[in-house]
Amino acid sequence: MKKTVFFGAVTVAGLAAGLASAATLDDVKARGTLNCGVTTGLAGFAAPNAEGVWEGFDVDLCRAVAAAVLGDPMAVNFVPTTGQTRFTALASGEIDMLSRVTTWTYSRDTDLSFEFAGVNYYDGQGFMVPRALGVSSAKELDGATVCIQTGTTTELNLADFFRNNNISYEPVPVETNAEGQQQYLAGACDVYTTDASGLAATRGTFENPADHVVLPEIISKEPLGPVVRHGDNEWGDIVRWTLNALVAAEELGVTSENVAELAAAPTDNPEINRLLGTESELGAMMGLDADWAVRAISAAGNYGEMFETNIGESTPIGLARGLNAQWTEGGLQYSPPFR
Amino acid sequence: MTSLTDPHKPAFRLSQLIYDTRYRSMTIQVVAMILLLTAFGWLINNTVENLGALGKDFDFSFLGSRAGYDINQMLIEYDNSMTHGRAALVGILNTLLVAFLGCITATIIGVFVGVLRLSKNWIVSRLMAVYVEGFRNVPLLLWIILIYAVMSESMPRPNDFRGEDPSASMILGDSVAITNRGIYIPRIGFSNSLSGNEAVAPIEGATPLATGAIDWILVFGALALSVIAVRYVRKKATITQEATGVRPTTWYWQIAILVIPVLIVSLFLGLTFSSPYLKGFNFTEGTHLRNSLIALWIALSLYTGAFIAEIVRSGILSVSKGQSEAAFALGLRPSWTMNLVILPQALRVIIPPLISQFLNLTKNSSLAIAVGYMDVRATLGGITINQTGRELEGMLLLGLFYLALSLLISSLMNVYNNSKKLKER
Ligand SMILES: N[C@@H](CCC(=O)N[C@@H](CS)C(=O)NCC(=O)O)C(=O)O
């Protein structure tokens, strides 16, 4: 008798624990805020501004999801994560989604049991060196001291690159981008390597960006995107289609400025109508209301607007659209149809 | 007669389980046991359920798969095509290295400061008090980061050693370079190495310490034999002293016995010192003591040293004053009084808390995370967990490692303690 009660209690406890992690959407709604994992600070992608409000390309994606789900782009609790802590934070349920320059790889998708909800930035790994060193190619880096962030794809690519080229290096492992930047500027390492976008963002904050060069070699593919836990498909759909809505909005010419006007009454373009919920109830299929995409787009603009305000050519980071242009412009950003 | 009949045996009532002292402790134990088992069962079940919900299993085979990452400080051969298990071993050795170095220097610092704090010289004892209070009362992490920052921000870069009129230069006859990437010291090599040529031309990237293991064993073996021989000489001197009352002078013998065999072995193995020199981006050839190792080592030593100093001081103060007065009355010199009377008694008080300081130091070495020292927390408990997603397995192994290491250290120290403690006959 004692035994059955014991196991009964244990099973109930276990079930409760198991169920709690399944329906992220309900959890987020009940909580009223979205827990979004971001970097510990990478200008343009995710960093708190002078008022302590988080800003950036990755941050705006969190805001769009919060706007779609909760109706309030500010209802986000940002959780800074390092390369090493981000996956544990996501797997344990501490965060509902991870929007932290995270590369979509096979093992992260399968073995680590995550789900990548798309790609918000197509990137590749590069190297930055002080101009004074006179290095013009990564192949000349034999014997150099290289700062790398641990727990990233960066350190694996780096090992492969030096191995393939039969040259040696001395790794200096760092925990965060800020630490890497400090070590690099102090000259404790000759080279800083990470995603090319991260290099541009880091260099953009230097006093004299022109004193540093990003070498021409891009040694890997780094498709960066938002991540959710594997197994909660409804929540995965919401994050995936919020990103798609932002990309589609740019393609269809829906911006943060005209979205309210376009959503007021059905337009001539049925796809815009479906996206903005003025025709047929796409939102309900994901458990949201009809206006979800309107709110997501109003939060920080469409994909193109988010890009330009945070990391585009008019910012100190100055990234060109390149691979991240719309497919109609020769880039890779391509949203599946809303229908 | 009736009074002799068996006393009536009272029926057992349930309330006795609580009110009857004969049963109460049993009841409490059973209840506690059930609660404990339930808690454990819940923990295990919760883990299994949640792993299931995440679609993960419990599996240690990741230790055998390719690691794919590089480690800067290696005491054994390692490259990124070796396994996660090997990477964990490299990390373990790095942890052991810094813990070993730290324990030795912390003890030396602690004993010196502890004795000096009792000095009659006001300035000396005040200075030592400032050191002890300063280090005991500021978190270790801050000291580690501070030393690391000072090293990497204010030391010259390797590039500064270059050119016609360099702004920095090597010290000690161009054999040691202090840079913002660490300190490069001459490397000891063996040109007639018994383990092949490796010791002269180390494998690319490997720390030279990794090579020439057989040679080092020989050198240290010779040293150990010499130490035994020296003890024998001392014992003989004592016997002579007891027989004749005069202690023969043997110090030159002792030094000769210590030095000559090691020298012969070293010469036979072709001992060479190779000084570091600038090549490309960095210094090469010498032994590279990285900033991370130095910062961690110094901070751990100074921090733990402050605690050990207090332990030593209290140990010395615990020996009653009558002991030293008696020793002086017998005409013993102050240094003899310290060595022959005070310290042997103080040690009994000092050793047990010293053990826990050694354990603290070893476990504190995992603060290596702050400066990127590649200890076992950084390899097995950091990168490996992150790349394979095996948090639970990795953390369990890590916990087991620290547990085993702590138990080992305390049992070794207990052996030493038993040899020193008061013998009751
Ligand atoms: N994309 C890579 C690396 C991403 C990464 O960690 N980038 C760094 C350097 S740009 C970063 O964002 N750091 C921000 C932080 O320190 O929190 C990955 O997913 O493993």
So for E175(A), is it side chain, backbone, both, or neither that comes closer than 4.5 Å to the heavy atoms of chain B? side chain

Ring centroid separation F127(A) to F161(A) under 6.0 Å: yes

Could you look at Q387(B) and say if it's the side chain, the backbone, both or neither that has a heavy atom under 4.5 Å from chain A? both

Option that, when pairs with chain B are counted at under 4.5 Å, heavy atom only, ranks first among S113(A), A144(A), G143(A): A144(A)

Please flag which part of M374(B) lies under 4.5 Å from any non-hydrogen atom of chain A: side chain, backbone, both or neither. side chain

Taking side chain as everything from C-beta outward and backbone as N, CA, C, O, which of these in A149(B) sits under 4.5 Å from a heavy atom of chain A? Side chain, backbone, both or neither. neither

Please classify the contact of Y148(B) with chain A as side chain, backbone, both or neither, using a heavy-atom distance under 4.5 Å. side chain

Bottom line for E179(A): the part with an atom under 4.5 Å from chain B's heavy atoms is side chain

Assess the residue pair E170(A) and T145(A) against the criterion (side chain to side chain donor-acceptor pair (under 3.5 Å)); give the C-alpha distance rounded to whole Å, side-chain angles, the decisive distance to 0.1 Å, and a yes or no. CA-CA 5 Å; E170(A) 153 98 16; T145(A) 303; 5.8 Å; no

Please determine whether side chain to side chain donor-acceptor pair (under 3.5 Å) holds for the pair T384(B) and Y69(B), giving the CA-CA distance in whole Å, both sets of side-chain angles, and the decisive distance to 0.1 Å. CA-CA 9 Å; T384(B) 292; Y69(B) 61 89; 2.8 Å; yes

Taking atom types as modelled, is there a side-chain donor on D96(A) or T24(A) under 3.5 Å from an acceptor on the other? no

Best-contacting candidate, I383(B), N291(B), V371(B), against chain A by heavy atom pairs under 4.5 angstrom: I383(B)

Considering only heavy atoms, which portion of T152(A) lies under 4.5 Å from any heavy atom of chain B: side chain, backbone, both, or neither? backbone

Contact origin within L141(A) toward chain B - heavy atom pairs under 4.5 Å: both

Highest number of heavy-atom pairs under 4.5 Å with chain A: which of D79(B), T284(B), N80(B)? N80(B)

Between T179(B), N386(B), V48(B), the one whose heavy-atom pairs under 4.5 Å with chain A are most numerous: N386(B)

Could you have a look at P171(A), A132(A), S107(A) and say which one has the most heavy-atom pairs with chain B under 4.5 angstrom? P171(A)

Using 0.5 Å steps for rounding, measure from the CD atom of E77(B) to the CE atom of M82(B). 4.5 Å

Counting heavy-atom pairs under 4.5 Å with chain A, the top scorer among T388(B), I44(B), I385(B) is T388(B)

Given Y169(A) and F281(B), is the ring pair (Phe, Tyr, Trp, His ring centres under 6.0 Å) satisfied, shown in steps? CA-CA 10 Å; Y169(A) 70 106; F281(B) 293 95; over 10 Å; no

Any chance CZ of F60(B) has more than 12 other-residue heavy atoms, nucleotides or ligands included, within less than 6.0 Å? yes

Would you say the rings of H212(A) and Y192(A) are close, in the sense that their centroids are separated by under 6.0 Å? no

Minimal heavy-atom distance between T39(A) and A46(A), with the atoms involved, is OG1-O, 3.1 Å

Do F114(A) and F87(A) have their ring centres less than 6.0 Å from each other? yes

Could you tell me which of C189(A), G93(A), S92(A) has the largest number of non-hydrogen atom pairs under 4.5 Å with chain B? C189(A)

